[in-house]
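Notes follow once the structure below has been shown.
Just so you know, ligand 1 is whichever comes first in the structure, and atom 1 is the first atom listed for that ligand.
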Amino acid sequence: MYFGVDYYPEHWDIDLIESDLKRMKEMGVNIVRIGEFAWHLMEKEEGKYDFSFFDMVIEKLNKNELKVMFGTPTATFPAWLAKKYPSILSKDEKLMVRSFGGRRQYCYNSDIYWEYSEKIVRKLVSHYKNEKSIISWQVDNEFGHEGSDMCFCEQCQEKFRSFLKEKYETIEKLNETYGTIFWGQTYNSFDEIPVPLKTITTHNPTLQLDWARFRSYSLNNYANSQIRLVRELKGEHQTVTTNLSGGFFKKFYDHEENTKELDFVSYDNYPVWGGLKEPVSPAEIAMTLDFIRGLQDKNFWIVEQLMGAQGHNVIGYLPRPDQAKMWAYQAFAHGCENMLWFRWRGMTKGAEQFCFGIIDHDNKDGRKYNEVKSFIEDMSKYENVVISPIHSEVAVVYDFDNVWSWNYQQQSQKFNFTDELVRLYSPFYEQNINIDVISVKKDFSKYKVLVLPVMQIIDKDLQEKLESFTEAGGTIVFSYRAGIKDKDNNIHFGKTAPCLVKEMTGIEVVEIESLQEGQDVKIESVVETSSDSGKCGVWRDIIKTVTATPLYRYKDKFYDEYACVTVNKYKSGEVYYIGGGVNQEILENIASEILVKNGIKGVKSSKDLEVYPRNIDGEKYLFITNHSSEEKEFENIKLNSYESTVVKL
Ligand code: GLA
Ligand code: ZN
């Protein structure tokens, strides 16, 4: 197992390095990550490559028997490159050039940037390919983060048109697919097609989805080109990875495409960042970890684990004592195998003065240092457990085409894709079971239950996979707007929703309503003996049951004979339909019913106490993390606020 820190010796008086490395080792560190922003230090002037600083650093790391993950520095190019070739700078949707001075401002479609990136990467990796202590290469840093997935420059416009020409071949085909007859937008040629810059009202939905697909293609084309180059040049003993930031569903690139050629996926785990007044929910943190594991269906690294409050110009919530340690426990529970913390010491200069690390600006070993030290001592005992694979019987399914369609057209003021995915992830998470979060491209056959949150785009392929899944006895849970659109982001004509899955859901959506703030609709159980009731917000599908059984109906003078939640026996399986933003209590009842029917054993625990099961060679372990500031108890085990533990059953 590797435990380490993100270390920037170039930020400090080099006389500090000896004491830094000594203190790192005393904390339990055996690896450091370096280099990912140091392009200028390696090429101060064009073509004058100089690795002497890092040669010296690596020599000292070797003396301290510390391993190295080395980052290729293409996330931050030198000023001399931007000055010589301003065309490498990306442009926002107002065609404003992104100024040098931040990071990630390069355009993925700049041929010049590809050329200079290749040169520095080729020199760097060739220089260190035989360095035994460098065990892994991190390619770039957080592709697509901080708005860098988008660029509207002339290079992108030209390549977008070629991308469309290759996809549609004729302009007639494009016009027909887009419906450009609407608002007289018919194109006579591909070179009339705009990138979706700011316009009055909104762009064509198919153009928007194709633009999202082009952004994903551009980013992943650049990323995979560098990943292949590093793989071609590196030493046999070295692996290749890249570090994904969070906020996956707000980004315009397919993360599965981005990571498919890596030796392992790395993740930057920040449960709280910037001005947030509190961390995201335990369920949402868990979902992100399961998403990362789901990319390659295998365990992963965390190369930036939060320890101190973080933010650029605004910081927010201070992780309480043991809370960041608890998040590290949770990460290992969900499939992290090796962890580095961001970062060794908070920097006094530059844009991240307020991104606090383990050591603060006073340079003293404090609470955070001791927390990391104790965590490393704790977790080192469970190496055999954390390297074991996680086998889930429940999977939450996403499709980036569907995500991007929602990101452009939310349909409800209150709609947020991540919230709606977590709405359906949480009820199963609360049962303390293993859950995979996977793309529609994955094989579904190993699961018993599939959950498809707001899957409005359903094509023939997905329909057929779902049909086979129910033939094999699987249970499916849809939520609202299922199947209304095709892969061109167009609404089906002449079909009743939920299109393509109407038969398996056993329902018809007869009316729809976007629900705004304060418009939550009451719903009630249709079971006579049940007084169960709840509410539905954000959206509602008003449902007529055909073969399905209603479970909850709307309490509404106009629609009280219509259903909100239904279940349908279909082939050898069952298909649930959650017709709106239904509250958690009701969804938890449904989730526990589904688990019982499918023989999936959950573990009951109090709110904010996660009890995550790991099974290895017939032995069962529980990773118990208290996400609350209150003392909690689980089966006679008392956990103080934010305390964590591993129990072998
Ligand atoms: C991201 C980046 C790091 C740093 C941290 C600050 O994860 O990868 O370089 O900016 O955020 O929290
Ligand atoms: Zn561009």
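Taking every non-hydrogen atom of F37 and a distance limit under 4.0 Å, the qualifying atoms of ligand 1 come out as 9 (O). Per-residue contacts place W273 under 4.0 angstrom from the following atoms of ligand 1 (heavy atoms of the residue considered): 6 (C), 12 (O).
The salt bridge (Lys or Arg N to Asp or Glu O under 4.0 Å) test with D365 is passed by exactly one of K22, K373, R23: R23. Of the candidates V125, L229, T72, D263, D263 is the only one forming a side chain to side chain contact (heavy atoms under 4.5 Å, CB included) with V240.
A salt bridge links E46 with K84: the closest approach of a Lys/Arg side-chain nitrogen to an acidic carboxylate oxygen falls below 4.0 angstrom. E256 and K260 are not joined by a salt bridge, as no carboxylate oxygen comes within less than 4.0 angstrom of a charged side-chain nitrogen.
At the shortest separation from atom 6 (C) of ligand 1 among protein heavy atoms lies Q310 OE1, 3.4 Å. Of the protein's non-hydrogen atoms, E142 OE1, 3.1 Å is the one closest to atom 1 (C) of ligand 1. Annotation: atom 3 (C) of ligand 1 to nearest protein heavy atom, E304 OE1, 3.3 Å. Closest to atom 10 (O) of ligand 1, if we only count protein heavy atoms, is E352 OE2, 2.4 Å. Regarding atom 5 (C) of ligand 1, its nearest protein heavy-atom neighbour is Y270 OH, 3.4 Å.
Looking at N141 against ligand 1, only its side chain comes within 4.0 Å, counting heavy atoms.
When ring centroids are compared, F248 and F400 stay outside the 6.0 Å threshold. With ring centers used as reference points, Y329 lies 6.0 Å or more from Y642.
The closest non-hydrogen atom to atom 9 (O) of ligand 1, taken over R343, R103, E36, comes from R103.
The closest side-chain heavy-atom distance from L340 to V5 is not below 4.5 Å.
Put simply, the side chain of R103 never gets that close to the backbone of T76: no donor and acceptor are under 3.5 Å apart.
For the pair SG of C107 and SG of C153, the angle whose vertex sits at the Zn ion (ligand 2) is 110° to 10 degrees.
Taking 4.0 Å as the cut-off, S245 does not count as a neighbour of ligand 1 on heavy-atom distance.
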